[in-house]
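Here the structure is laid out as structure tokens; the discussion comes afterwards.
Being a predicted model, the structure only gives us computed values, none of them experimental. Each chain gets a letter, A, B and so on, in the order its sequence line appears, and its residues count up from 1.
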There are 2 protein chains.
Amino acid sequence: MRAVDVIIKKRQGQGLTEEEIRFLIQGYVGGSIPDYQMSSFAMAVFFKGMSFEETGFLTRAMIDSGEVIDLSGIDRPLVDKHSTGGVGDKVSLVLAPLAAACGCTVPMMSGRALGHTGGTLDKLESIPGYRTDLSVKRFTELLRGTGFAMTGQSEKIVPADRMMYALRDVTGTVESIPLITASIMSKKFAEGAESLVFDVKCGSGAFMKTLEEARGLAVSLVRTGNNLGRRIRAVISDMDQPLGFMVGNFLEVREVISVLRGGGPKDLLDLTVRLTAHMLVLGGLQSDMSAAEAECRRRLEDGSAWKKFVENVELQGGDVRAVEQEEAGPRAPLIEPVEATSSGYVQRIDAYQIGIAAGLLGASRETKEDEVLPDVGIELKKIQGNAVQVGEALCLIHGRDSERIARTRSYVQAAYSIGGSKAEPRGRVIEEIREDDLGKV
Amino acid sequence: MRAVDVIIKKRQGQGLTEEEIRFLIQGYVGGSIPDYQMSSFAMAVFFKGMSFEETGFLTRAMIDSGEVIDLSGIDRPLVDKHSTGGVGDKVSLVLAPLAAACGCTVPMMSGRALGHTGGTLDKLESIPGYRTDLSVKRFTELLRGTGFAMTGQSEKIVPADRMMYALRDVTGTVESIPLITASIMSKKFAEGAESLVFDVKCGSGAFMKTLEEARGLAVSLVRTGNNLGRRIRAVISDMDQPLGFMVGNFLEVREVISVLRGGGPKDLLDLTVRLTAHMLVLGGLQSDMSAAEAECRRRLEDGSAWKKFVENVELQGGDVRAVEQEEAGPRAPLIEPVEATSSGYVQRIDAYQIGIAAGLLGASRETKEDEVLPDVGIELKKIQGNAVQVGEALCLIHGRDSERIARTRSYVQAAYSIGGSKAEPRGRVIEEIREDDLGKV
């Protein structure tokens, strides 16, 4: 078999066999297929796509390129959630302890903030002392104990994805649904999940800007997973506006704490409960969504999810006082309001602009080498549908220095649209894709 | 400027600026843009194409990647011809001395046989002693003297093309009209030609199998050349059947000699005269095609083209006896007929099958390292339209050993279609594209 023939076959729009796809991935990781063949292959896939079956072959070949975490012997269902990333998306920090409190085991390996989006690892590390560099051994110990653990991705898992992602990033081949699908799914399965719930974000603050794109990815994830014999569901959720009120690492942890203690913003709470409920159903712990949602709300109200969270913070080296005591965590030295320049109702807050603003303050990074600050960010005071008077605070900027705060203001002002009529906030869940729905798509 | 942004721009189907294209080519040749970006760019061009203006920018950037042969001071018009390659295509060996005899200077740098197609250099080298590795200095001396010279391509000319072609060959990006156009045209202009005539072959023995493909390339060559301020014409000629009767290196030289001495097969003669006539018109030596064709036929009949050829053979180190005396050149030890297994008329001789057969005998090479033999090949005895009886020789196989001859027979048999009705051979010229015709295309 020659790589060039496989490339040409894909270029002509033909389907590839499992053997052909495995040949490419094994050869690439092994060094016999060079970058320049993989990049022209990726560009051919960009234009000609892959069937869900081919995407499954690709996912499997990528999983087999490295180590797979062995979680056999854990008798609770292994279910994980993956989000395509957004602004103020702190769902994982509530969902993981909540799902564990409801009986799931959640082997969560997460990524870091980049550009306008936040990263779960950076949020966790804003808790003083919290470690996200667990060994695989320690990770599995925690999973067996608490039922969840949160760590960075091991170098040994899916090396094909690390190589391919770095290559795609510089060859204009990132935006390909089958390649995105295999990248996400291979890691999640190699990390030990049996079933998966995807939160496919859609809107200005998301990778997928339109519903059509988001639906394309959601269907690809569910169908490809099904082709691999896995139970998969996808929720398409609105990321046109930031999720909750807080954007920035420890600011978001504060909001997580309020949800875990039975409060918090309704949009964040509802979305988290919905995603967790899907996990319980996929894991066979609940038979239908309404029972599953009721179970989730019970475990938030009775404090058992909160207890799991605190237990995890302690086990992963975090300072428990910082999460238990309102005033103990990191707090930025400067907190300045951004005031409304007109009266009316908040029509919309552009998530992308808020994400950029938080990034400028130091909540995210432009390049992989930048330092991320735990305490900075944006605290929204007015959200969609709220009435606002000239001079009232739209939000608070938490920052380290006046210069960066000043630069941030224009992005925040640009993010807010104020208008005459009262906009009614919609729910966050736009659409759900389950395996049994797919006939209709 | 970042290469990835230029790749994405092309991937989205947008036109590139001259600056962007030059950035890519200079960076690639200079080493700052790696193979993996050039290959994904080439695949994006495969799918999204390039305008004739962009193809002109690419051609110019490629020319500027290396040395350009300086033929200033030659007062005769510098005109060359390029063929896209075929089976039995020995036109260059007649055309170059003929055009020189008519007053052109023809700076011809040619390629080698590969796969089912022959190569001008291999044909020339089948003349004992003939050298095709002229220095640039010697090449220009001969051009100033005889008016033509024939050599291999210098390493220093258009290094971007050598690098890109090697990369395209292994990344599934060969079959792209703009990339083919820039590859061909950059070399021809860097070699010193001012105007160009293209022989775009079309049919089973050609790179372009259909008229539509051939027309696409022909129009691209003419329009791109016009964008560069050059006079360009293209002839689309039939390569569904071998050109002339001889396929194989010195066998073809014998046929060249018969044309230069005022004989030879009509299809080869007519096509050569037509292509040369276009050169004379482009070079301003003749005002119209009928006068130009008449001039060509005169120079064949009066022996002046033949004289130029013999002069060149001597100057390039070839054994003049081998071309002047019928029996003196290389001759294969075994000559075996392939006999007709049915009676009727020859409907068609598949050029591709004949090319493969000649290649198997050693007239071409499968890989760049294979040795090419001067004496082997196929001598057609019956061509399209000829009547044939069972047992009559369709052709003669000239070979070195019985085993290779035996393997060749099935290809030759497969090439011949014999049927009941007399097929009338068409002329070789299918269509001509001139700059003034382009409004109609």
Side-chain angles (χ1 to χ4, degrees), chain A residues 1-14 16 20-21 23-24 27-29 31-50 114-115 160 162-180 207 209-210 213 366-367, chain B residues 1-14 16 20-21 23-24 27-29 31-50 114-115 160 162-177 179-180 207 209-210 213 366-368:
Chain A
M1 204 183 295
R2 297 192 316 158
V4 62
D5 298 324
V6 181
I7 296 167
I8 291 174
K9 193 172 170 188
K10 176 46 66 190
R11 191 194 77 186
Q12 292 170 335
Q14 294 178 58
L16 303 181
E20 287 164 337
I21 290 173
F23 166 79
L24 278 189
Y28 185 51
V29 174
S32 61
I33 292 178
D35 284 334
Y36 55 77
Q37 289 185 315
M38 184 53 73
S39 66
S40 75
F41 175 73
M43 188 60 88
V45 171
F46 175 88
F47 282 104
K48 288 296 181 176
M50 275 185 160
L114 193 63
R162 252 191 323 287
M163 292 172 68
M164 286 171 73
Y165 194 84
L167 184 68
R168 287 165 56 209
D169 194 37
V170 294
T171 56
T173 51
V174 168
E175 297 84 356
S176 159
I177 295 234
L179 298 181
I180 294 169
F207 188 69
K209 304 297 180 193
T210 67
E213 290 172 294
E366 273 184 76
T367 70
Chain B
M1 205 182 295
R2 296 191 316 158
V4 63
D5 298 323
V6 181
I7 297 168
I8 290 174
K9 194 172 170 188
K10 179 44 68 190
R11 191 195 78 186
Q12 291 170 337
Q14 293 178 61
L16 302 181
E20 286 165 338
I21 290 173
F23 166 78
L24 277 188
Y28 185 51
V29 174
S32 61
I33 292 178
D35 284 335
Y36 54 78
Q37 288 185 315
M38 185 52 75
S39 66
S40 75
F41 174 74
M43 188 60 88
V45 172
F46 175 88
F47 281 104
K48 288 295 180 175
M50 276 184 158
L114 193 63
R162 254 194 319 288
M163 291 173 67
M164 286 171 73
Y165 194 83
L167 184 67
R168 286 165 58 209
D169 194 36
V170 294
T171 57
T173 51
V174 168
E175 296 85 355
S176 159
I177 298 247
L179 297 181
I180 294 168
F207 187 69
K209 305 296 179 194
T210 67
E213 290 172 296
E366 273 184 75
T367 71
K368 283 174 191 167

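- Per-residue heavy-atom pair counts under 4.5 Å with chain A were compared for B:Ala44, B:Pro34, B:Ser40, B:Gly172, and the maximum is reached by B:Ser40.
- In terms of non-hydrogen atom pairs under 4.5 Å with chain B, the most contact-rich of A:Asp35, A:Thr173, A:Thr171 is A:Thr171.
- Of the atoms belonging to B:Asp169, it is backbone heavy atoms, and not side-chain ones, that fall under 4.5 Å from chain A.
- Rounding to the nearest 0.5 Å places OH of A:Tyr28 at 8.0 Å from OG of A:Ser39.
- Residues B:Phe47 and A:Lys48 have side chains in contact (heavy-atom distance under 4.5 Å, counting atoms from C-beta outward).
- Using a 4.5 Å cut-off between heavy atoms, B:Lys10 does not touch chain A at all.
- Highest contact tally toward chain B, considering only A:Arg2, A:Met38, A:Glu175, is held by A:Glu175 [criterion: heavy-atom pairs under 4.5 Å].
- In this view, B:Tyr36 satisfies the ring-ring contact (aromatic ring centres under 6.0 Å, His included) rule with no residue, not counting sequence neighbours.
- For A:Lys9, the side chain to side chain contact (heavy atoms under 4.5 Å, CB included) partners at least two apart in sequence or on another chain are A:Gln14, A:Leu16, A:Thr17, A:Glu20.
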**Request:** Could you please spell out the steps behind the side chain to side chain contact (heavy atoms under 4.5 Å, CB included) verdict for B:Tyr165 and B:Leu179?
**Result:** CA-CA 9 Å; B:Tyr165 194 83; B:Leu179 297 181; over 6 Å; no
